[in-house]
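Labels below follow one simple rule: chain letters A, B, ... track the order of the sequence lines, proteins then strands, and each chain is numbered from 1. Keep in mind that this is a model prediction, so the values were computed, not measured.
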2 protein chains.
Amino acid sequence: MSKCEQCIVRQFSSIKALNKEQLVQMANCKTSYTIKKGESIFEEGETLNGVYCIKDGVCKLSKLSQNGKDQIIKLGKPGELLGQRSMISDESANLSATALEDMEVCFVPKNEILQFFNQNNDFSMNVMRTICGDLKEADEHMVDMAQKTVKQRLAEVLIYLEESFGKNEDGSIRIQLSREELAGMIGTATESCIRLLSEMNKTKVIEIQGKKIFLKDKKALQKIS
Amino acid sequence: MSKCEQCIVRQFSSIKALNKEQLVQMANCKTSYTIKKGESIFEEGETLNGVYCIKDGVCKLSKLSQNGKDQIIKLGKPGELLGQRSMISDESANLSATALEDMEVCFVPKNEILQFFNQNNDFSMNVMRTICGDLKEADEHMVDMAQKTVKQRLAEVLIYLEESFGKNEDGSIRIQLSREELAGMIGTATESCIRLLSEMNKTKVIEIQGKKIFLKDKKALQKIS
DNA sequence: ATCAAAGTATGACAAATATCATATTTTAAA
DNA sequence: TTTAAAATATGATATTTGTCATACTTTGAT
C-alpha cells in the first residue's frame with residue numbers, strides 16, 4: 001500500500017490541507033485501482049460510498065440525455081476528487097465517470113472523508129471551493145450552449161483541451177477524444193462535429209492526422225470562439 | 001429593525017440551522033432593502049461584501065453572453081440566499097440578480113455569515129447542500145440545452161414555472177416573465193419563443209391572454225418536454 | 001494475417017432556428 | 001389623455017444543424 005503522504009498529486013488536490021496524521025489514516029483505508037481506457041469508474045445513479053482521487057490519467061464525467069446521447073459535463077484530471085457532490089448531498093451519482101486513458105485512482109470511504117471534513121476546516125473549504133468552481137464553470141457552459149454556435153463551441157473546446165492537457169512532442173493535443181466524444185463535449189451530432197473539423201482542416205486553422213489534432217492557428221480559433 | 005427569529009422565510013432557508021443567539025446577532029447586523037420590479041440587486045462582476053436573503057418576491061439570476069443576450073441561469077425565491085458562491089470562492093459575482101417582482105431582501109455582511117459558517121456545522125452543511133443542488137441542476141440544464149429542442153425546453157420551463165411559483169386565482173402562472181425573459185431562460189431568440197407560444201396556443205396546449213399564460217393540457221406539455 | 005466491427009468521412013436532404021422586416025398592441029412618461 | 005417607446009406578433013427568408021445513406025479507414029479479436 002503506497003503512502004498518500006508521498007503521492008505526487010497531493011499538492012494539486014484539496015487533500016493538500018490534510019495533516020500528516022490524517023494522510024496516514026487515509027493511506028490505511030484507501031483502495032487503489034487501475035482503470036483501463038474505456039472502463040467505467042462509476043455510473044450515473046450508482047450509490048457511491050466514498051470519493052475517488054485521480055492519481056493518474058484523465059476521465060470524462062458525462063450524463064445520458066433522453067435521446068440516448070452522452071453529454072460530457074467535464075473532464076477530470078490528476079488531483080481531482082470524484083463524487084464529492086454526491087457525498088455532501090448524500091445522493092447517488094449524478095454523472096458517470098469513464099476513463100479516457102489508462103488511469104490510477106484511489107477510493108477513500110465516505111466515513112473517512114467526512115471525518116476529515118469535520119476535523120479540518122482548510123480541507124472542507126478546499127472541497128467547497130472546488131464545488132463552487134464547478135458551479136461557476138457549469139453556469140458559464142450553460143450560456144455557451146445556449147448562445148454560441150456549434151462552430152464557436154468546437155473552437156473553444158479545442159483551445160481548452162490544448163491548454164488544460166498540453167501537447168505531445170509532435171505538437172498535437174495530448175488528450176485524444178473520439179469524434180463522438182468531442183461531439184458530446186460541445187453538444188452536437190457526431191457528423192456535425194466531423195464536418196466542422198474537416199472545414200477547419202481545409203481552412204488551415206487546425207490540422208488533422210487521423211486521431212491527432214494540431215492547432216495551427218490559435219488566433220483564428222480564438223476569433224471563432 | 002425586524003427580528004430574523006420571527007421571519008417567515010427562515011424555515012425554508014439554510015438559516016433555519018442557526019440558533020437563537022445567532023439569529024439575534026444576524027438581526028442586529030442585517031440591512032433590509034425594498035427592491036422594485038426591474039431593479040438590480042447586484043450585477044455580474046460586482047464585489048459582494050455579504051449575502052442577500054430573499055424575504056419576499058422573485059428574482060432572476062442571469063449572465064450576459066457575448067452576443068449581448070441575457071441568459072437566465074435560475075430564479076431565486078423567498079428563503080434563498082444570493083451570493084453564497086461568491087462568498088465561499090472569495091470572488092466577485094458571476095451572475096446578475098434582478099427583481100422580477102417587488103422584493104424585500106436582507107443583506108447580511110460576509111463576516112457574520114462566515115462566522116456562523118465556522119461556528120455552526122448544520123448551517124454550513126445546509127449552505128453546501130444548496131450549492132451542490134445548484135450544481136446538479138446546472139449540469140442537468142446543460143444536457144437539456146445541448147440535447148433538447150427549443151420547443152421541448154419551452155414546455156419544460158412552463159411546467160417548472162407553474163410548479164415552482166404556483167398559479168393565480170384565475171389559473172394563470174403566477175410569475176410573469178416577458179417574452180424576452182422567457183427566451184432567455186430557454187436560450188433562444190425572442191421571436192422563436194413567441195412563435196412557439198403562439199403555436200401552443202393554437203393547439204390548445206396553453207392559452208395566452210396578454211402576459212398571462214394558462215397551462216391547459218399539462219399532459220401534452222409533459223409529453224413535448 | 002484476416003475479417004468483422006467500430007470509427008471516420010462526406011453528400012443529400014429535411015428540420016429547426018435565427019434574422020430581418022414590419023405591423024399591431026401595450027405600457028409608461030409627459 | 002396623448003403619444004412615443006417598448007413589447008408582442010407574424011411573415012419571409014437565410015442559416016445552422018440534424019438525420020439518413022453510404023463509403024472508406026482503422027482497430028482489435030480470432
Please name the pair of heavy atoms, one in [X] and one in [Y], separated by the smallest distance, quoted to 0.1 Å.
X	Y	value
A:L48	A:K110	O-CD, 4.5 Å
A:V58	A:M103	O-SD, 3.7 Å
A:K212	A:S172	CD-OG, 3.8 Å

Quiz item: Are any of the side-chain nitrogens in B:E162 or B:R174 under 4.0 Å away from the carboxylate oxygens of its partner?
Solution: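 No.
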Whole angstroms only, please: what is the [atom1]-[atom2] distance between [X] and [N]?
X	N	atom1	atom2	result
B:K212	D:dA7	NZ	P	20 Å
A:N201	C:dT8	CG	P	15 Å
A:I194	D:dC24	CD1	P	16 Å
A:Q209	C:dT8	CD	C1'	16 Å
A:K37	D:dT27	NZ	C1'	11 Å
B:L197	D:dT8	CG	P	10 Å
B:E180	D:dA9	CD	P	14 Å
B:Q176	D:dA7	CD	P	14 Å

Self-check item: From B:S62, B:S96, B:S65, residue fulfilling side-chain hydrogen bond (donor to acceptor under 3.5 Å, both in side chains) relative to B:D70
Solution: B:S62
Exercise. Would you mind building the protein contact string for nucleotides 14-30 of chain C? One character per nucleotide, 5' to 3', B for base within reach (heavy atoms under 4.0 Å), S for sugar-phosphate only, - for untouched.
Key: ---SBBB----------
Quiz item: Within the structure, does a side-chain N or O atom of B:T190 lie under 4.0 Å from either OP1 or OP2 of D:dA7?
Solution: no
Quiz prompt | Between A:Q71 and B:Q147, a side-chain donor and acceptor under 3.5 Å | solution = yes
